[in-house]
Engineer: 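One structure, as structure tokens, below. Some questions next.
Quick caveat: nothing in here was measured; it's all calculated off a predicted structure. Just so it is clear, the values below take in all heavy atoms, side chains as well, and ignore hydrogens, waters and symmetry mates.
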Amino acid sequence: NRNQLKVIPPSIVNFPQLEVFRVDDNGLRTFPDGIGTLTKLVTLSASGNSFEIVPVWLTKLQSLREFRLADNQLSKIPSLFSSFTGLVSLSLDGNQMTKLPDDVGSCTSLTTLTASR
């Protein structure tokens, strides 16, 4: 966290047992495609970056319990939440969205949802 990372190296896929991945407060704009192979990931925290889109392949992360994308440049999030039935915490604060995805209601385990401006 709080480094000056501009890119997540594709070699991140070499850690298939990874459960927590935090890259908050960097200069990141994209996720590498390989993160979708980290199926044991429970926490993905990428707040305070410059993400403009959320890749649909993130639906492969079905073990995800905590997903943080606050303070990015997101104006829209694709409908992908039906895959995250075990998601407990979702943080989307400080983005440019005007509405939440319709399928966020599929996250029946959700206990914390933050989406304030």
Engineer: Between N49 and D25, is any pair of side-chain heavy atoms under 4.5 Å apart?
Structural biologist: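 In short, these two side chains do not touch, never coming nearer than 4.5 Å.
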Engineer: Can you give me the closest heavy-atom contact between T59 and S83, atom names plus distance?
Structural biologist: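 So the two residues come closest at CB-OG, 3.5 Å.
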Engineer: Taking C-beta and beyond as the side chain, do S89 and R68 meet within less than 4.5 Å on heavy atoms?
Structural biologist: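 A side-chain contact exists here, since the closest heavy-atom pair is under 4.5 Å.
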Engineer: Ignoring hydrogens and angles, tell me if any N or O in the side chain of R65 forms a donor-acceptor pair with the backbone of S63 under 3.5 Å.
Structural biologist: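 Yes, the answer is positive, given that a donor and an acceptor are paired below the 3.5 Å cut-off.
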Engineer: Classify the side-chain pair D71/S47 by whether it contains a donor and acceptor separated by less than 3.5 Å.
Structural biologist: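 S47 and D71 do not have a side-chain donor-acceptor pair below 3.5 Å.
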Engineer: Measure the shortest side-chain to side-chain distance between V104 and L90 over non-hydrogen atoms and say whether it is less than 4.5 angstrom.
Structural biologist: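 Result yes, sub-4.5 Å side-chain heavy-atom pair found.
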Engineer: Would you check if the side chain of D103 reaches a backbone N or O of L80 as a donor-acceptor pair within less than 3.5 Å?
Structural biologist: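 Yes; judged by distance alone, with no hydrogens or angles, the pair exists.
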Engineer: Measure across G36 and T39 and return the closest heavy-atom pair with its distance rounded to 0.1 Å.
Structural biologist: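 Closest pair (atom of G36, atom of T39, distance): O-CG2, 4.0 Å.
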Engineer: Just how far is it from atom CD of Q4 to atom CG of L28, taken to the nearest 0.5 Å?
Structural biologist: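 Q4 CD to L28 CG: 11.5 Å, rounded to 0.5 Å.
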Engineer: Can you name the closest pair of heavy atoms from I8 and I35 and give their distance?
Structural biologist: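 So the two residues come closest at CD1-CD1, 4.2 Å.
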Engineer: Give a yes or no on whether the backbone of T85 and the side-chain of S109 come within a donor-acceptor separation of less than 3.5 Å.
Structural biologist: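 Checking the backbone N and O of T85 against the side chain of S109, a donor-acceptor pair under 3.5 Å is found.
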Engineer: How many angstroms lie between atom NZ of K40 and atom CD of Q17, to the nearest 0.5 angstrom?
Structural biologist: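 Going from NZ on K40 over to CD on Q17, the span is 4.0 Å.
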Engineer: Hey, does I12 have a side-chain heavy atom less than 4.5 Å from the side chain of F21?
Structural biologist: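 Sidechains of I12 and F21: in contact.
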Engineer: Could you check whether any side-chain heavy atom of E66 comes within less than 4.5 Å of a side-chain heavy atom of R22, counting everything from C-beta outward?
Structural biologist: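 Yes, at least one pair of side-chain atoms sits under 4.5 Å.
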Engineer: Spell out, yes or no, whether I53 and V23 are grouped together once hydrophobic residues are joined by side-chain heavy atoms under 4.5 Å, including indirect joins.
Structural biologist: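 No: no chain of side-chain contacts under 4.5 Å links I53 to V23.
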Engineer: In the structure I gave you, are the side-chain heavy atoms of W57 and D33 within less than 4.5 Å of one another anywhere?
Structural biologist: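 In short, these two side chains touch, coming nearer than 4.5 Å.
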Engineer: L5 and V7: same hydrophobic cluster, using ILVMFWY side-chain contacts below 4.5 Å?
Structural biologist: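 No: no chain of side-chain contacts under 4.5 Å links L5 to V7.
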Engineer: If you compare all heavy atoms of M97 against all heavy atoms of L100, which two are closest, and at what distance to 0.1 Å?
Structural biologist: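 That would be CE-CD2, 4.4 Å.
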Engineer: Quick one: does T114's side chain get under 4.5 Å of L92's, heavy atoms only?
Structural biologist: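 In short, these two side chains do not touch, never coming nearer than 4.5 Å.
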Engineer: Can you list everything that forms a ring pair (Phe, Tyr, Trp, His ring centres under 6.0 Å) with F51? Sequence neighbours excluded, please.
Structural biologist: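 F51: ring pair (Phe, Tyr, Trp, His ring centres under 6.0 Å) contacts with F31.
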Engineer: Check whether any side-chain heavy atom of L44 lies under 4.5 Å from a side-chain heavy atom of L64, and answer yes or no.
Structural biologist: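 Result yes, sub-4.5 Å side-chain heavy-atom pair found.
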Engineer: Nearest 0.5 Å, please: how far is SG in C107 from CZ in F81?
Structural biologist: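 Rounded to the nearest 0.5 Å, the CZ-SG separation comes out at 6.0 Å.
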Engineer: Which heavy atom of P32 sits nearest a heavy atom of P9, and at what distance?
Structural biologist: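 Nearest heavy atoms, P32 then P9: CG-O, 4.4 Å.
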Engineer: Verify, without hydrogens or angle tests, whether N26 (side chain) and D24 (backbone) share a donor-acceptor contact under 3.5 angstrom.
Structural biologist: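 Yes, the answer is positive, given that a donor and an acceptor are paired below the 3.5 Å cut-off.
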Engineer: Which residue, V88, L58, T43, L61, forms the side chain to side chain contact (heavy atoms under 4.5 Å, CB included) with F67?
Structural biologist: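 The side chain to side chain contact (heavy atoms under 4.5 Å, CB included) with F67 is passed solely by L58 among V88, L58, T43, L61.
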Engineer: What residue among Q73, E52, K76 forms side-chain hydrogen bond (donor to acceptor under 3.5 Å, both in side chains) with Q96?
Structural biologist: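 Of the listed residues Q73, E52, K76, the side-chain hydrogen bond (donor to acceptor under 3.5 Å, both in side chains) partner of Q96 is Q73.
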Engineer: What is the distance from atom CG of D102 to atom OG of S82, rounded to the nearest 0.5 Å?
Structural biologist: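 Here the interatomic distance stands at 11.5 Å.
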Engineer: Using modelled atom types and a 3.5 Å cut-off, is there a donor and acceptor pairing between side-chain atoms of N95 and backbone atoms of L69?
Structural biologist: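 Here the side-chain-to-backbone pair exists.
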Engineer: Hey, does the side chain of S116 reach the backbone of D93 with a donor-acceptor pair shorter than 3.5 angstrom?
Structural biologist: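 No: the side chain of S116 does not pair with the backbone of D93.
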